[in-house]
Amino acid sequence: MSEETKSLNFLEHIIEDDLNSGYSKEDLRFRFPPEPNGYLHIGHTKAIGISFGLGEKYNAPVNLRFDDTNPAKEEQEYVDAIKRDISWLGYQWESELYSSDYFQQLYDWAILLIKKGKAYVDSLSSEEIAELKGTPTQAGKNSPYRDRSVEENLDLFERMKKGEFEPGTHVLRAKIDMASPNMLMRDPLMYRIMYKSHHRTGDDWCIYPMYDWTHGESDYIEQISHSLCSLEFKPHRELYDWFLDQVVEESRIRPKQREFARLNLSYTIMSKRKLLKLVDEGVVSGWDDPRMPTISGLRRRGYTPAAIRKFIETVGVSKRDNVIDVALLEFCIREDLNKTAPRVMAVLNPVKLVITNYPENEEEWLDAENNPEDEAAGSRKVPFSRELYIEKEDFREEANRKFFRLKLGGEVRLKNGYIIKAESVIKDENGEVTEIHCTYDPLSRSGSGTEESMRKVKGTLHWVSVKHAVPAEVRVYDRLFSDEAPDGHKDKDYMEFLNPESLTLVNAFVEPSLKEAKTGERFQFQRLGYFNVDDDSSADKLVFNKTVGLRDTWAKQQKKG
RNA sequence: UGGCCUAUGGUGUAAUUGGUAACACAGCUGAUUUUGGUUCAGUCGUUCAAGGUUCGAGUCCUUGUAGGCCAACCA
């Protein structure tokens, strides 16, 4: 194996530079810090892939740290889902940690800051604080409480902790610079009063630390070397460093925050809030609806961890805003499934085909290759008989030479079976074809070795024997939004772009071997696409999800007309 | 009336750090094919603009332009 020397992304350059300037490889340590307030989506996968990927590359530990400083939004359900998803992607964290583990340490440090005159209790209302904060173009003004004595601050802060005050009456703020061009440096809040029971600490605390105060110090406690986050945190870096300055010791690792551009995918949205709305309003069946860009949605849809990881690797890392073409994601799953998914036959939109010269009660079991890409996959038997289902779209009474499928007087091969010739049709009162009558060449059976079996005919159709067909529900998905950038319009809400045809229920017929298919198993329905067995599937009712269609150059040609 | 960040084919990413733009996806053409799949061969197309430094600039400098982020007791 010739290992290609892959070029480094800018984060790897930063790490390499650190390593070259004396940083020890043993000191490398990363973290993934989700807030347990929703499910992970494909965008998070990028962040996961970056930090865990770096961990794998440098053989460095990666902590899973739940950033749980806001009990108003966070729940155990989300913690469990996040762990499940990361594990499913195939990543292993060094330690499962929680910001809430550090509440006491954070509190102690806060007192230290007060004593150093770097923090004070403000007793303004939130509106007044916002008012005095100024705007990006206008400096803020000092709070009248800014110069309280250390003693008074200590006393007030302790009483905040004891629960003597109502929410909103007091907050602890860092004393930095109300005139800073960086709004985040204008005396940011460190603590607020909140009487909410926390999913881990219960009712131990009634003051909770804010993100900025918590995050960097948590990184420091865990001795994270590189704290990687998305671009919108860039302005926070100055504050991150300021907070660190208050507590770092020379001898310990000082974490550095670096920012990368988050992932955007065409035809979808990536905001947890907006995804939650789809769930709450019943637009989708849940966080794991196969149309959702969540990891659990993609999993249920039939995506593999390998495909998702390949996708993340392929999109790369940089600092520019980007929109990845969803076609790349689809390419990645096809590439994986092409090599691994067993081929089977299923007819989604059936029309009956009768082979008039095939004996009435005969049936034969034909050999069918399970995967032409993988010889080890072996073969199976599929039943053939006089009456079959084929796809409606595979037949036309008349068609030009470009139509490789079945037409009256034309020949086609039935996959793994015989060459047939269409002779006539039966129609209903509306003129719809209800039955196609054809004849077959008994000597043309696939693999029989006869001269007739070697004959080349232009088209090959998939089919299912009527008598042996197993009914199944197939859920055919299309993109959830019809617009390339659903939340990229200033004048229109993303909900306006919902695709009414994102889910189509189809009553299909599948070959009998599928009767034993287990939940989660993935198949290629030949000539149609990749499908997997849905969680809703049961012994008496098979349910499949369409993961993704095959590349379809025929459809493209037709569109061009 | 501010601060910060980013500009490379349609999309995304790279370029030995100043040495003559490449890889993937998408598109297109053809070959192979018992999946209009796969595979194979080929093809299209790129450095935001204007100046400057230099033998030489995607890379450095200046000035513009465009886009993004920042005013939650959210993370």
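FYI, side chains are in, hydrogens and waters are out, and symmetry mates aren't considered; it's all heavy atoms of this structure. Every chain is numbered from 1 and lettered A, B, ... according to where its sequence line falls, protein lines coming before strand lines.
Ring centroid separation for the pair A:H13 and A:F10 does not come in under the 6.0 Å cut-off.
To the nearest whole angstrom, the two C1' atoms, one in B:C48 and one in B:U17, are 23 Å apart. To the nearest whole angstrom, the two C1' atoms, one in B:U46 and one in B:G27, are 16 Å apart. Comparing the same atom, C1', in B:C4 and in B:C40 gives a spacing of 49 Å after rounding to whole Å. Distance check on atom C1': B:U29 versus B:G36 gives 16 Å, rounded to whole Å. Distance check on atom P: B:C25 versus B:A41 gives 12 Å, rounded to whole Å. When the C1' atom is used for both B:U63 and B:G42, the distance is 45 Å, rounded to whole Å. For the P atoms, the distance from B:U62 to B:U38 is 50 Å, rounded to whole Å. Nucleotides B:A21 and B:U13, compared at atom C1', are 13 Å apart to the nearest Å.
Within 4.0 Å (heavy atoms only), A:K310 reaches no atom of the nucleic acid at all. Across all strands, A:L239 comes closer than 4.0 Å to no nucleic acid atom at all (heavy-atom distances). As judged by a 4.0 angstrom heavy-atom cut-off over every strand, A:F311 is placed among residues making no nucleic acid contact. When heavy atoms are screened at a 4.0 angstrom cut-off, A:E373 is found touching base atoms of the nucleic acid. Within the nucleic acid shown, A:N182 has no heavy atom closer than 4.0 Å to any nucleic acid atom. Among the atoms of the strands shown, none is found under 4.0 Å from any heavy atom of A:E369. Within 4.0 Å of A:S180, counting heavy atoms only, lies no atom of the nucleic acid at all. Residue-level contact check: A:L328 touches the backbone only, with heavy atoms under 4.0 Å from sugar-phosphate atoms and none from bases. Within 4.0 Å (heavy atoms only), A:V171 reaches at least one base atom of the nucleic acid. Among the atoms of the strands shown, base atoms are found under 4.0 Å from some heavy atom of A:H13. Among the heavy atoms of the strands lying under 4.0 Å from A:L550 is at least one base atom, whether or not backbone atoms are also near. The residue A:P372 sits close to a base: some heavy atom pair falls under 4.0 Å. Within the nucleic acid shown, A:T553 comes within 4.0 Å of sugar-phosphate atoms alone, with no base atom in reach, counting heavy atoms only. Looking at heavy-atom distances under 4.0 Å, A:F233 makes contact with a base.
In this structure, A:K73 does not reach the B:C74 phosphate: none of its side-chain N or O atoms is under 4.0 Å from OP1 or OP2. Between A:K556 and B:G27, a side-chain N or O to OP1/OP2 separation shorter than 4.0 Å is present. Contact annotation: A:R237 does not reach the phosphate of B:G3 (side-chain N/O to OP1 or OP2, under 4.0 Å). Considering only side-chain N and O atoms, A:T69 lies under 4.0 angstrom from the phosphate OP1 or OP2 of B:A75.
A cation-pi geometry, defined here as NZ or CZ lying under 6.0 Å from the six-membered ring centre and within 45° of its normal, holds between A:R479 and A:Y267.
In terms of heavy-atom proximity, A:R343 sits nearest to A:L337 at NH1-O, 4.0 Å.
In B:U17 the O4'-C1'-N dihedral to the base is within 90° of 0, which defines a syn nucleotide.
You'll find that the side chain of A:A327 is closest to B:C25, out of B:A71, B:G36, B:C25. For A:M194, whose side chain is taken as the heavy atoms from C-beta onward, the closest listed nucleotide among B:A14, B:C74, B:G36 is B:C74.
Heavy-atom neighbours of A:K421 NZ from other residues, nucleotides or ligands within 6.0 Å: at or below the threshold of 12. By the 6.0 Å contact criterion, CD on A:E75 is enclosed, its count of non-hydrogen atoms from other residues, nucleotides or ligands being greater than 12. In the displayed structure, A:E364 atom CD is contacted under 6.0 Å by more than 12 heavy atoms of other residues, nucleotides or ligands. Atom NZ of A:K141 is surrounded by 12 or fewer heavy atoms from other residues, nucleotides or ligands within 6.0 Å.
Relative ring orientation between A:W213 and A:F243 is described as perpendicular, the plane-to-plane angle rising above 60° on a 0-90° scale split at 30° and 60°.
Both A:F404 and A:F331 lie close to RNA chain B; mapped to their nearest nucleotides by heavy-atom distance, the more 5′-ward contact belongs to A:F331. Residue-to-nucleotide proximity on RNA chain B shows that, of A:K402 and A:T314, the 5′-proximal contact is made by A:T314.
With respect to the salt-bridge test (charged N to carboxylate O, under 4.0 angstrom), the residues A:K57 and A:E12 qualify. A salt bridge links A:E158 with A:K162: at least one charged nitrogen is closer than 4.0 Å to a carboxylate oxygen.
With A:W463 as the partner, the ring pair (Phe, Tyr, Trp, His ring centres under 6.0 Å) test is satisfied by one option alone out of A:F384, A:Y389, A:Y440: A:F384. With respect to A:D367, the salt bridge (Lys or Arg N to Asp or Glu O under 4.0 Å) criterion is satisfied by exactly one of A:R380, A:K415, A:K381: A:K381. The salt bridge (Lys or Arg N to Asp or Glu O under 4.0 Å) with A:E411 is formed by just one residue from the set A:R455, A:K458, A:R405; it is A:R455. Of the listed residues (A:Y208, A:F157, A:W205, A:Y211), just one forms a ring pair (Phe, Tyr, Trp, His ring centres under 6.0 Å) with A:Y191, and that residue is A:F157.
Looking at A:R334, its side chain has no donor and acceptor atom pair within 3.5 Å of the base of B:G37. In terms of polar N and O atoms assigned as donor or acceptor, the side chain of A:Q558 never comes within less than 3.5 Å of the base of B:G36 in a complementary pairing.
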Which nucleotides of RNA chain B pair, in dot-bracket form (Watson-Crick or G-U under 3.5 Å, | meaning another strand): .((((((..((((.....[..)))).(((((.......)))))....(((((..]....))))))))))).....
Could I get a table of every N or O pair under 3.5 Å where one atom is in the protein and the other is in nucleotides 31-34 of chain B?
{"from": "B:U34", "atom 1": "OP1", "to": "A:K456", "atom 2": "NZ", "distance (Å)": "2.9"}
{"from": "B:U34", "atom 1": "OP2", "to": "A:K456", "atom 2": "NZ", "distance (Å)": "3.2"}
{"from": "B:U34", "atom 1": "O2'", "to": "A:K415", "atom 2": "NZ", "distance (Å)": "3.1"}
{"from": "B:U34", "atom 1": "O2", "to": "A:N416", "atom 2": "N", "distance (Å)": "3.2"}
{"from": "B:U34", "atom 1": "N3", "to": "A:S446", "atom 2": "OG", "distance (Å)": "2.1"}
{"from": "B:U34", "atom 1": "O4", "to": "A:R413", "atom 2": "NH1", "distance (Å)": "3.1"}
{"from": "B:U34", "atom 1": "O4", "to": "A:S446", "atom 2": "N", "distance (Å)": "3.2"}
{"from": "B:U34", "atom 1": "O4", "to": "A:S446", "atom 2": "OG", "distance (Å)": "2.2"}
{"from": "B:U34", "atom 1": "O4", "to": "A:G447", "atom 2": "N", "distance (Å)": "3.4"}

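The side-chain ring of A:W554 is stacked on the base of B:G36, judged by centre separation under 5.5 angstrom and plane angle under 30 degrees.
The stretch residues 339-348 of chain A touches RNA chain B through A:R343, each having a heavy atom within less than 4.0 Å of the strand.
Rounded to an integer number of Å, the gap from CD1 of A:I312 to C1' of B:A24 is 15 Å.
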